Colleague: 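I am attaching a structure below and will ask some questions about it afterwards.
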Amino acid sequence: MEYNFKETEQKWRKFWEDNQTYKTEIDHAKPKYYVLDMFPYPSGAGLHVGHPLGYIASDIIARYKRLKGFNVLHPMGFDSFGLPAEQYAIQTGQHPAITTEENITTYIRQLKQIGFSYDWSREVRTSDAKYYKWTQWIFMQLFKHYYDKDANKALPIASLVERFAVSGNKDINAVCDEDTPNFTAEEWNGMSEQEQQTLLLKFRLTFPDDSVVNWCPALGTVLANDEIKDGVSERGGYPVEQKKMKQWAMRITAYADRLIDGLNEVDWSDALKEQQRNWIGRSTGASVKFKVDASTVQENAPEFIEVFTTRVDTIYGVSFMVIAPEHEYVPFLTTAAQKSTVDEYVKWVASRTELDRMSEVKKVTGAFTGSYVINPFNDEKVPIFLADYVLAGYGTGAVMGVPSGDQRDWNFAKYFDLPIVPILDAQKDIEEQADNTKEGKYINSGIIDGMGYKEATATLTKWLEERGIGKGKIQYRLRNAVFSRQRYWGEPVPAYFKNGSGDVSLPYLIEESELPLELPVIDKYLPTETGEPPLGRAEGWKYKGEYEYELSTMPGWAGSSWYWYRYMDAQNEQEFASQEAINYWKAVDLYLGGSEHATGHLLYSRFWNKFLKDLGLVPEEEFAKKLINQGMIQGRSNFVYRVKSSVGEGKNPVFVSFGLKEQYETTPIHVDVNIVSNDVLDLNAFKNWRSDFENAEFILEDGKYICGVEVEKMSKSKYNVVNPDVLVDKVGADTLRLYEMFLGPLEQAKPWNTNGIDGSFRFIKKVWRLFYDDLGNFKVKDETPTPAELKVLHTCIKKVEEDLERYSFNTVVSTLMICVNDLGSLKCAKKAILQELVILMSPYTPHIAEELWVLLGNEAGTISYATFPKFNASLLVEANFDYPISINGKVRANISFPTDAIPADIEAGVLANEVVQKWLEGKAPKKVIVVPKRIVNVVL
RNA sequence: GCCCAGAUGGCGGAAUUGGUAGACGCGCUGGUCUCAAACACCAGUGUCUUCACUGGCAUGCCGGUUCGACUCCGGCUCUGGGUACCA
């Protein structure tokens, strides 16, 4: 009798659902274990084979931990706000809520099909008002708090206001904007409401701020870097420019130190922690104010330009200063003679993205403003340049150029023919390249001549501080996080604006009792004619019928920055989760997801978690104790090639087939792999695929359009998604689960390839044949196992347990295969052995395990809460060990010795061996190394 | 460019702490069963040499440490992830 996986799997999935087998409650009698998957964005393409990889692994751990006696929380939900649904809405007019709902339904059906042991009663969706009510609530708390450096935590703004009223801000040690002025209590108390509120924004943990964005005038919207290809919008091919815009920001920089320090207490990979440390980029240095030479500058020019440097010791080597081309000072510093050069340069830089600017470092570009600053140490005039390698958003947007010590500065100095001054006697070949050494004694360096690095730095810093023109400073690369999106499909910001005198209007929060602030209905999902975000279209959408709401929405990461708490108490309408639930489940014990979230989601989530802890709402400083990054299942992408000259207003886009593309200048564009077959594009499907391609024209080869191919990550934006449904239908969920784990180490990236899935399928059938003979008779007997059978079983128990404890999911599959092969060879059909095997298999192949468990006479549904087999080491004891004997590190023989033989006896035995004798050629060995129960090495 | 990974047979991979490189599986080759095929089972399978035994070579490339290196160190090459509005 063949195993009927279809019927059996369906039967058990229904049983688990009907009996709520995996529903979880707080249970103080058992230790808790929280295993969490990074929840998916429910894309229109459905679940792809890359998703389950992590989910299968976490499900295996969840099932394993249940067998080990833990009370396991294992939930799933959806990060359901996001761009693709909105993009689809723009194309079709369909409300994103409808498509999102449909997509989620598909996802749930697909997930349930794979036999995951989720407690579905706890499902969350970030786009559900019952959920985003609490996202908005957390946003409000951020607005109502500031970061107090003395308390080293967030404190209420209300307490800050009280202190301002008593003693101004001179004793306040708080994280705030750079340009926050000093003020006394009298000054504070004398301020208008508007002035006070403006000042408080400099302290709040979320606040409106100017930031530079990719603005696409033709689409009237801001684009992600992702949506820009070759400087034009991927959608439509329109030009994009850099533009300053008021955006909500999150003062994540307040938590920079705690975000770095907290990494020491979590069990995450070193690679990931290193990435976060680098992202935060704490560097110790000094800030220095350079006085602007007033003789050439325009009216209203600044008195000083401040720079941050990690090498203040090189300050005597400064031969120019560079400020960012978009820096607000530029107009004031530009002389009439340089104006046309500067304007042209600024315009060119505005057309480039930040990524372009950082990537292209080989080509030096820049422009001289015509103005100078004065080096405070030697009173020399230093020319001020603009250059695109300085970004306005980093530090002060200005850097001092030291060509002898920094290669980028050196390149710049060569290009503009600026002096390259040596500053250390240890610097070598500085006419050829920069030398950033800190060794040697300073030269050409005024007050630090003859000193070493440490002394010089201290001397200079002291000198600056005494004169009030500089100080030691810790600078972070981390920037405050932009928290606004000019989009519809996201959480509305629970804020409105009033006190609008002229263009100044201030944000205020709505009342907590008015939450959730729901997304209003709009007619279409595009910006307004005046360039406002889509919410500007909502008719009569005003706070108390009077005040403008914030029209941007929250970014994708808002809802995902706290969701693990909502699972603890998903239906709670009074709080984001009850204190009882939070204090029972505490933090995530195992978190599984892709490494592409290293510096996004995982940093923002840690930030919000620390904030919630400061408020006393959650107990743990770090929300995820252990984290594993599953490697990406890579996709096979297809490309079409758009001819560049066919892009623009009123033109039909032209696409050239792969083989002919070298004859044109083209932009490669991803095309949905589902409308491509054997790399041949379905032309009609392509025209229907995206509205801007409906008039597409093609240059064909042999009457066909051949697409390009590349292996890259499988993702909705690359349109290369492969669906697991087909596989479940063909070979069953158990086989799919086994196969995905068998592919290789969880952390490693690999392209999706179904070759080899037969091996997993055969394994399932082999297991079945341990229970049934060829005639379909159930053959399991209640007999006493032999030592050989017990040895096979316990070898397996040991290895499965060890491997699961170190999350080596692929080797467990091999171990199970070896065990089943060996039991097959032994013709073992004994209940005592097979019953334990079934438990060992059950985390991987829950369906067939349930079936066999019941066939062995157990109660249905109880295998999930059975006891993991106990390993008995005494069953594996061997009398002898087979030593590999190597000569000069190469194995030449194998000799068996008693397990407890002493090295001297082994050495004697080895030297007597004829193979060894042959290699010795009568001579005595130089050395014999005996590693007990491992190896013997004879050195000639 | 910068930050972080990875590279082992025809293919996916194993080797957990420096100790037999290639477990397990796919594929392939030969055989058993069958009218035939599928399934299943048995045997072989890194490469060169050889009838065979044996031996040489071999973990991306170059060099080093060690009795011994896929594993540690230095220098490269290529591939993937991130690079702040994809999530």
Side-chain angles (χ1 to χ4, degrees), chain A residues 2 38-41 43 79 81-84 211 213-214 221-227 247 269-279 281 354-355 357-362 389 393 408 477-487 555-557 560 594-601 603 629 631-632 634 711-713 715-718 739 742-745 747-751 753 755-760 762-763 765-766 769 774 802-803 806 808 810-811 813-818 821 882-886 888-892 894 925-929 931 934-940:
Chain A
E2 277 276 293
M38 287 186 192
F39 61 170
Y41 173 81
S43 88
D79 192 9
F81 274 132
L83 266 183
S211 43
V213 296
N214 301 311
T221 190
V222 174
L223 297 176
N225 283 328
D226 203 48
E227 298 171 290
Q247 307 267 301
S269 76
D270 289 336
L272 192 136
K273 291 200 271 193
E274 194 59 19
Q275 269 189 80
Q276 290 213 346
R277 282 191 198 100
N278 291 336
W279 184 262
E354 206 170 273
L355 192 58
R357 290 172 56 179
M358 285 189 298
S359 309
E360 277 179 40
V361 295
K362 291 204 174 109
Y389 71 81
R408 204 167 43 179
R477 203 182 74 95
L478 181 73
R479 320 207 285 249
N480 282 329
V482 179
F483 199 68
S484 292
R485 299 293 181 264
Q486 319 301 307
R487 310 282 182 180
W557 55 270
S560 60
S595 62
E596 69 273 22
H597 298 287
T599 50
H601 164 63
L603 206 59
N629 289 127
M632 203 107 35
Q634 288 156 313
V711 170
E712 53 185 357
K713 81 170 173 176
S715 99
K716 53 196 179 286
S717 65
K718 296 190 178 356
Y739 180 64
F742 193 50
L743 273 176
E747 295 91 333
Q748 218 167 80
K750 49 225 151 201
N753 187 350
N755 297 347
I757 199 165
D758 288 352
S760 303
R762 273 177 213 153
F763 168 77
K765 289 190 278 193
K766 263 189 214 174
R769 282 199 302 272
D774 294 344
E802 281 174 1
D803 286 0
R806 66 187 175 103
S808 175
N810 54 328
T811 52
V813 182
S814 310
T815 304
L816 291 171
M817 285 176 170
I818 291 167
N821 287 347
D882 209 18
Y883 278 88
I885 311 303
S886 57
N888 283 345
K890 288 230 163 219
V891 175
R892 301 291 178 186
N894 278 281
K926 275 203 193 108
K927 207 196 272 191
V928 178
I929 292 148
V931 186
R934 279 223 193 268
I935 200 166
V936 177
N937 191 16
V938 179
V939 184
L940 299 182

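All figures in this text were calculated on a predicted structure; none of them were measured in a lab. In the text below, chain A, chain B and the rest are named by the order of the sequence lines, each starting its count at 1.
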Colleague: Regarding S269(A), tell me which of base, sugar-phosphate or nothing describes its non-hydrogen contacts under 4.0 Å with the strands shown.
Modeller: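 Here S269(A) touches no strand at all.
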Colleague: Syn or anti for G9(B)? Use the chi torsion, O4'-C1'-N9-C4 for purines and O4'-C1'-N1-C2 for pyrimidines, with syn inside 90° of 0.
Modeller: syn
Colleague: In Watson-Crick or G-U wobble terms, both distances under 3.5 Å, what is the partner of G46(B)?
Modeller: C57(B)
Colleague: So what does P745(A) touch, heavy atoms closer than 4.0 Å: a base, only the sugar-phosphate, or nothing?
Modeller: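 Sugar-phosphate contact only - P745(A) comes under 4.0 Å of backbone atoms but never of a base.
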Colleague: Could you tell me whether D882(A) atom CG has more than 12 heavy atoms of other residues or ligands within 6.0 Å of it?
Modeller: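 Enclosed.
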Colleague: On a plain distance test, is the side chain of Q247(A) in donor-acceptor contact with the base of C85(B) below 3.5 Å?
Modeller: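 A donor-acceptor contact between them is present.
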Colleague: What is the distance, to the nearest angstrom, from the NZ atom on K750(A) to the P atom on U8(B)?
Modeller: 14 Å
Colleague: Counting only Watson-Crick or G-U wobble pairs whose two distances fall under 3.5 Å, which nucleotide matches C35(B)?
Modeller: none
Colleague: Sort out the partner of G1(B) for me: Watson-Crick or G-U wobble, both distances under 3.5 Å, none otherwise.
Modeller: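 With both distances under 3.5 Å, G1(B) matches U83(B).
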Colleague: Is L478(A) touching bases, backbone alone, or none of the nucleic acid, heavy atoms closer than 4.0 Å?
Modeller: base
Colleague: Of the nucleotides C24(B), G56(B), G12(B), which has the atom closest to the N821(A) side chain?
Modeller: C24(B)
Colleague: Rounded to whole angstrom units, what separation is found between the CZ atom of F742(A) and the C1' atom of A14(B)?
Modeller: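 So the two atoms are 10 Å apart, to the nearest Å.
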Colleague: Could you tell me the separation between the NE2 atom of H597(A) and the P atom of C3(B), rounded to a whole number of Å?
Modeller: 23 Å
Colleague: Determine which nucleotide pairs with A15(B), using a 3.5 Å limit on both distances of a Watson-Crick or G-U wobble pair.
Modeller: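 Because no pair has both required distances under 3.5 Å, A15(B) counts as unpaired.
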Colleague: Under 4.0 Å, heavy atoms only, any strand: does R762(A) hit a base, just the sugar-phosphate, or nothing?
Modeller: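 If one applies the 4.0 Å heavy-atom cut-off, R762(A) turns out to touch the sugar-phosphate alone, with no base involved.
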Colleague: Mind checking L83(A) for me? I need base, sugar-phosphate or nothing, with any heavy atom below 4.0 Å counting as a touch.
Modeller: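 The answer is sugar-phosphate, as L83(A) gets under 4.0 Å only of primed atoms, P, OP1 or OP2.
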Colleague: Categorize A598(A) for me: base, sugar-phosphate, or nothing, with a 4.0 angstrom heavy-atom threshold over every strand shown.
Modeller: nothing
Colleague: Count the heavy atoms belonging to other residues, nucleotides or ligands that lie under 6.0 Å from CZ of R934(A), then report whether that count exceeds 12.
Modeller: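 Atom CZ in R934(A) is not packed in, count stays at 12 or less.
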Colleague: With heavy atoms under 4.0 Å as the rule, sort W279(A) into base, sugar-phosphate or nothing.
Modeller: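 Answer is base: heavy atoms of W279(A) come under 4.0 Å of a base.
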Colleague: Using a distance-only test with no angle check, is there a side-chain donor-acceptor pair under 3.5 angstrom linking K766(A) and N821(A)?
Modeller: yes
Colleague: Look at all strands and tell whether E274(A) reaches a base, only sugar-phosphate, or nothing, counting heavy atoms closer than 4.0 Å.
Modeller: sugar-phosphate
Colleague: Just the rounded figure in Å: distance from C1' of A5(B) to CD of E747(A).
Modeller: 11 Å
Colleague: N629(A) near the nucleic acid: base, sugar-phosphate alone, or nothing, with a heavy-atom cut-off under 4.0 Å?
Modeller: nothing
Colleague: Who is the Watson-Crick or G-U wobble partner of U77(B), with both distances under 3.5 Å?
Modeller: A7(B)
Colleague: With hydrogens left out and only the distance checked, is there a donor-acceptor pair under 3.5 Å joining N278(A)'s side chain and the base of C3(B)?
Modeller: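 For N278(A), whose side chain was compared with the base of C3(B), there is no donor-acceptor pair (under 3.5 Å).
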Colleague: Rounded to the Å, how far apart are K766(A) NZ and A40(B) P?
Modeller: 9 Å
Colleague: OP1 or OP2 of C24(B) less than 4.0 angstrom from a side-chain nitrogen or oxygen of N810(A), does that happen here?
Modeller: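 Checking C24(B) against N810(A), no side-chain N or O comes under 4.0 Å of OP1 or OP2.
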Colleague: How far apart are the closest heavy atoms of S560(A) and D79(A), and which atoms are they?
Modeller: CB-OD2, 4.0 Å
Colleague: Q748(A) has a side chain; which of G13(B), U16(B), U20(B) sits nearest to it?
Modeller: G13(B)
Colleague: Mind checking D270(A) for me? I need base, sugar-phosphate or nothing, with any heavy atom below 4.0 Å counting as a touch.
Modeller: nothing
Colleague: Take the protein atom CD1 of I935(A) and the nucleotide atom C1' of G19(B), then report the distance between them rounded to whole Å.
Modeller: 4 Å
Colleague: Between T811(A) and S814(A), do the side chains contain a donor N or O and an acceptor N or O under 3.5 Å apart?
Modeller: no
Colleague: Tell me, do K926(A) and L940(A) make a side-chain contact under 4.5 Å, heavy atoms counted?
Modeller: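 K926(A) does not reach L940(A) side chain to side chain.
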Colleague: Return no unless some side-chain N or O of R479(A) is found under 4.0 Å from OP1 or OP2 of A84(B).
Modeller: no
